[in-house]
Amino acid sequence: MSLPMPLDISRVRAILLEVPRHGKLTYCLMRDARVPAPPKLDLLGALALVVSPIDLTGWIPVLGDFDMLALGILAVKVFVDACPEAIVEEHRRALKAGESRFDEDVRGLVGAARWGSRRATSRITRLVAARQQRFLEDRTA
């Protein structure tokens, strides 16, 4: 009978810190037309399995939750490894410099959210001011 492998917290922490970096890199690579379609389709298939309501190992306590996380991380790693290395390095440099497609899209999303919230705030302010004005007019009438 073999002993269970000890949990290496430093390895787990390193993997969890890599997840956001690989996620951003994966986003950029998925948006890049130079990356071939087969690795993109493979990744989408694996991620579809991760989010699928059919959970084949879900009945196993604890393991059922981690298998999907592990599959997701593995799918992203395999996808990045399947992409042309020159393109991967180009995107890594752009991410490091804050000039990647991911950064551009996030800036656009934040800008749209700010614009929307400013517009909503000004509309609410106008509505409140109009109601206050009507209230004051009704009280003086």
Side-chain angles (χ1 to χ4, degrees), residues 1-140:
M1 179 178 212
S2 64
L3 295 173
M5 198 166 72
L7 182 63
D8 184 2
I9 298 297
S10 64
R11 179 76 177 137
V12 170
R13 185 177 34 209
I15 289 171
L16 290 178
L17 290 175
E18 283 295 313
V19 168
R21 276 186 239 140
H22 270 78
K24 291 175 186 177
L25 179 60
T26 299
Y27 178 87
C28 294
L29 290 167
M30 288 293 286
R31 299 279 314 252
D32 193 317
R34 298 172 294 172
V35 173
K40 290 179 180 181
L41 294 173
D42 291 342
L43 175 65
L44 292 175
L47 294 178
L49 180 62
V50 169
V51 299
S52 169
I54 301 169
D55 189 7
L56 301 175
T57 60
W59 58 273
I60 302 172
V62 181
L63 240 171
D65 296 326
F66 288 119
D67 69 331
M68 290 298 139
L69 175 63
L71 178 61
I73 292 170
L74 179 64
V76 167
K77 179 162 179 23
V78 169
F79 169 70
V80 171
D81 291 346
C83 292
E85 187 59 33
I87 297 173
V88 171
E89 284 308 314
E90 177 185 322
H91 285 290
R92 281 192 173 130
R93 283 191 302 274
L95 281 164
K96 193 171 186 175
E99 300 169 352
S100 70
R101 183 63 188 247
F102 177 83
D103 296 306
E104 291 171 9
D105 288 351
V106 167
R107 280 191 292 273
L109 183 61
V110 169
R114 284 184 181 152
W115 178 82
S117 65
R118 272 189 245 127
R119 184 173 175 189
T121 302
S122 74
R123 183 177 224 169
I124 290 169
T125 304
R126 286 193 312 270
L127 286 172
V128 168
R131 282 193 176 160
Q132 286 176 339
Q133 183 66 33
R134 280 194 303 255
F135 176 75
L136 291 173
E137 289 170 358
D138 289 345
R139 287 188 80 193
T140 58

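Only a predicted model underlies this, so the values are computations on that prediction, with no experimental measurement involved. Numbers here simply count residues along the sequence, with the first being 1.
In terms of heavy atoms, M30 sits closest to F79 at SD-CZ, 3.6 Å. In terms of heavy-atom proximity, V88 sits nearest to V80 at CG2-O, 3.7 Å. Across I87 and L29, no two heavy atoms sit closer than the pair CG2-CD2, 3.8 Å.
Atom CG of L25 and atom CZ of R101 lie 15.0 Å apart (nearest 0.5 Å). The line from SG of C83 to CG of L43 is 9.0 Å long, rounded to the nearest 0.5 Å. Note that OG1 of T26 is 13.0 Å distant from CZ of R21, once rounded to the nearest 0.5 Å.
Salt-bridge formation is not detected for the pair D138/R134: no Lys NZ or Arg NE/NH1/NH2 atom is positioned less than 4.0 Å from an Asp or Glu carboxylate oxygen. For the pair E89 and R92, the salt-bridge criterion is met [side-chain N within less than 4.0 Å of a carboxylate O].
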Original post:
Going through the checks in order, is the side-chain contact (heavy atoms from CB on, under 4.5 Å) test met by R126 and S122?
Top reply: CA-CA 6 Å; R126 286 193 312 270; S122 74; 3.4 Å; yes
Original post:
Could you go step by step and tell me if V35 and K40 meet the side-chain contact (heavy atoms from CB on, under 4.5 Å) rule?
Top reply: CA-CA 8 Å; V35 173; K40 290 179 180 181; 3.8 Å; yes
Original post:
D103 and R107: side-chain contact (heavy atoms from CB on, under 4.5 Å), yes or no, with the steps?
Top reply: CA-CA 6 Å; D103 296 306; R107 280 191 292 273; 3.6 Å; yes
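Qualifying side chain to side chain contact (heavy atoms under 4.5 Å, CB included) partners for I73, counting only residues two or more places apart in sequence or in other chains: I15, V19, L69. Remark: D32 engages R34, H91 in a side-chain hydrogen bond (donor to acceptor under 3.5 Å, both in side chains) (not counting sequence neighbours).
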